[in-house]
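Notes to accompany the following structure.
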There are 2 protein chains.
Amino acid sequence: MYSLAEENYIKTIFHLQQTKSGAVSTNAIADSMDTKASSATDMVQKLADKKVLSYVKYKGAQLTEKGKKIATRIVRKHRLWEVFLVDKLGFHWDEVHEIAEQLEHIHSTELIKRLDTFLGSPAFDPHGDPIPDEHGNFIKTEKKLLSQLNKSQSGVCVGVKESSPEYLQYLDKKKISIGTKINVLGKEFFDGSMVIEVGRDQFFVSKKIADNLYVQTT
Amino acid sequence: MYSLAEENYIKTIFHLQQTKSGAVSTNAIADSMDTKASSATDMVQKLADKKVLSYVKYKGAQLTEKGKKIATRIVRKHRLWEVFLVDKLGFHWDEVHEIAEQLEHIHSTELIKRLDTFLGSPAFDPHGDPIPDEHGNFIKTEKKLLSQLNKSQSGVCVGVKESSPEYLQYLDKKKISIGTKINVLGKEFFDGSMVIEVGRDQFFVSKKIADNLYVQTT
DNA sequence: ACTATTTTTTAGTCTAGGCTAAAAAATAAC
DNA sequence: GTTATTTTTTAGCCTAGACTAAAAAATAGT
């Protein structure tokens with residue numbers, strides 16, 4: 001059994017490994033956990049003793065298979081609970097992260113098995129992120145900003161970068177929500193603006209709009 | 001916000017106050033928490049500083065109104081989660097305590113509000129214990145052993161004392177489960193055996209049977 | 001009422017996880 | 001290839017919460 005602090009470190013390292021490949025530095029860990037590098041070093045050394053990760057001084061840490069298994073179990077719990085909060089309790093998808101952050105540390109394999117069944121074994125969470133199965137396998141998807149797509153590419157909306165009420169209301173008005181398919185019909189290289197297709201509607205979006213919408217390309 | 005340890009102390013003191021009235025001793029707290037009296041003393045002093053309870057050296061602790069409010073909120077959460085685990089996830093009522101013990105510490109008033117609605121604002125948990133409302137008010141019920149009832153008294157089954165598979169199977173066979181109404185038709189003072197009525201059936205139960213069944217009298 | 005026993009508190013220590021400041025290694029700059 | 005700078009680690013300290021052993025208060029036995 002791992003402590004709350006240990007689980008949070010493992011999860012953070014896992015997420016950092018997903019984006020930047022190779023070993024992750026203690027500074028990177030500390031930054032993304034809002035703590036100090038010295039604390040991260042201590043914990044990384046402790047987790048290395050427990051064979052959760054491999055650690056080379058001054059080089060960084062890398063989760064072992066054991067560590068990855070622990071991490072995916074936490075991610076699985078986090079995302080299943082998010083589905084519960086949104087689908088069953090009616091939370092909006094941008095309100096659930098903090099609560100899931102707590103729920104992901106509840107220890108009970110039976111609970112997760114039953115929760116998964118209760119929710120219909122969902123493959124994605126409300127933000128469009130894939131939910132690992134009980135063996136830790138999950139569909140690897142690429143999450144980009146809409147602004148990174150080019151003409152005639154398409155993606156499915158999976159989230160927003162900065163969620164102000166104004167922006168969310170704009171999306172609402174344009175009928176864009178999680179799961180909405182978006183086709184890029186044209187892109188202006190001068191200012192990065194685009195013409196996109198949503199359902200049967202076609203319209204213009206500024207770079208600012210496109211810079212704050214995450215899409216998933218399969 | 002209170003730490004996990006603080007919440008557990010507050011909850012324990014609350015439960016001890018329910019049974020034995022008056023101040024509760026640090027030893028009683030330590031016993032029921034599987035810790036040492038010195039640890040309990042330390043924590044009680046800390047909680048007294050925070051005005052959660054009043055504490056007189058060598059005399060014991062008593063929750064203040066503030067403390068009681070905190071305690072009932074935790075109890076409310078615990079019992080709502082138990083209803084969730086049994087009603088929605090299909091756990092058996094004697095498997096849920098440990099999990100609820102973890103879930104009761106999740107912090108989010110919105111979550112509890114929504115969970116309550118989702119469950120249909122239940123008044124009792126799967127063990128027959130009353131669930132406090134959002135203001136901390138709850139129906140006070142008396143939970144006794146079946147063997148404590150006398151002739152022509154009646155109660156509703158709310159739990160078992162020691163739950164062996166054999167005993168649970170016996171109850172099953174006799175169609176006794178949580179919520180079943182039991183009338184005591186006769187009681188033999190010599191050996192404590194009884195004749196009881198369950199539904200339309202009337203039958204004999206030994207003292208041993210009656211000693212392990214909790215009933216609630218309203 | 002005085003001693004013996006039990007209960008409760010205090011004093012001092014330990015571990016987990018943080019932190020700051022200083023030292024050491026790695027990297028960058030000439 | 002030295003020196004300067006940045007990154008990372010070490011050393012030492014702090015707090016929460018637990019523990020043990022000793023002291024102090026309360027209770028019981030005569």
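Letters A, B, ... mirror the listed sequences (proteins, then strands); counts begin at 1.
Cation-pi contact between A/Lys88 and B/Phe84: absent, since separation from the ring centre below 6.0 Å together with deviation from the ring axis within 45° is not met.
A search for ring pair (Phe, Tyr, Trp, His ring centres under 6.0 Å) contacts involving A/His127 returns A/Trp93, not counting sequence neighbours. Judged as a side chain to side chain contact (heavy atoms under 4.5 Å, CB included), and not counting sequence neighbours, the contacts of B/Lys161 are B/Leu145, B/Asn212, B/Tyr214. Scanning for ring pair (Phe, Tyr, Trp, His ring centres under 6.0 Å) contacts around B/Tyr9 gives an empty result, with sequence neighbours left out. For A/Asp211, the salt bridge (Lys or Arg N to Asp or Glu O under 4.0 Å) partners are A/Lys207, not counting sequence neighbours. Partners of A/His97 according to the ring pair (Phe, Tyr, Trp, His ring centres under 6.0 Å) rule, which considers only residues two or more places apart in sequence or in another chain, are A/His78. Scored by the salt bridge (Lys or Arg N to Asp or Glu O under 4.0 Å) test, A/Lys143 finds A/Asp129 as partners (sequence neighbours excluded).
For the residue pair B/Ser25 and B/Asn27, no side-chain donor N or O sits within less than 3.5 Å of a side-chain acceptor on the partner.
For the pair B/Asp34 CG and D/dA18 C1', the computed distance is 13 Å after rounding to whole Å. In this structure, CE of A/Met43 is placed 14 Å from C1' of C/dC19, rounded to the nearest angstrom.
For A/Thr41 and D/dT10, a side-chain-to-base donor-acceptor distance below 3.5 Å is absent, hydrogens and geometry of angles not being considered.
In the region residues 2-11 of chain B, proximity to DNA chain D at under 4.0 angstrom, judged on heavy atoms, holds for B/Ser3, B/Ala5, B/Tyr9. The stretch residues 12-31 of chain B touches DNA chain C through B/Ser25, B/Thr26, B/Asn27, each having a heavy atom under 4.0 angstrom from the strand.
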Could you pull out every donor-acceptor pair under 3.5 Å between side chains of residues 28-41 of chain B and any protein atom, sequence neighbours left out?
residue	atom	partner	partner atom	Å
B/Thr41	OG1	B/Ala37	O	3.0

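Closest heavy-atom contact between A/His15 and A/Arg79: NE2-NH2, 4.1 Å. Taking both residues in full, the closest heavy atoms of A/Ile99 and B/Ile106 are given as CG2-CG2, 4.4 Å, listed atom of the first, atom of the second, then distance.
Sorted by first and then second residue, the salt bridge (charged side-chain N to carboxylate O under 4.0 Å, His left out) pairs involving residues 4-23 of chain B (not counting sequence neighbours) are B/Glu6-B/Lys46, B/Glu6-B/Lys50, B/Lys11-B/Glu101, B/Lys11-B/Glu104.
Nearest nucleotide to the side chain of A/Asp42, out of C/dG18, C/dT10, D/dT8: C/dG18.
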For nucleotides 1-6 of chain C, print each protein N/O atom paired with a nucleotide N/O atom at under 3.5 Å, atom names and distance only.
none

Protein-nucleic acid N or O pairs under 3.5 Å, nucleotides 26-28 of chain D:
none

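Taking 4.0 angstrom as the limit, A/Ser39 places a side-chain polar atom (N or O) nearer than this to OP1 or OP2 of C/dC19. Remark: B/Thr35 is in phosphate contact with D/dC19, judged by side-chain N or O atoms under 4.0 Å from OP1 or OP2.
Atom CD1 of residue A/Ile196 and atom OG of residue A/Ser154 lie 11.5 Å apart, to the nearest 0.5 angstrom.
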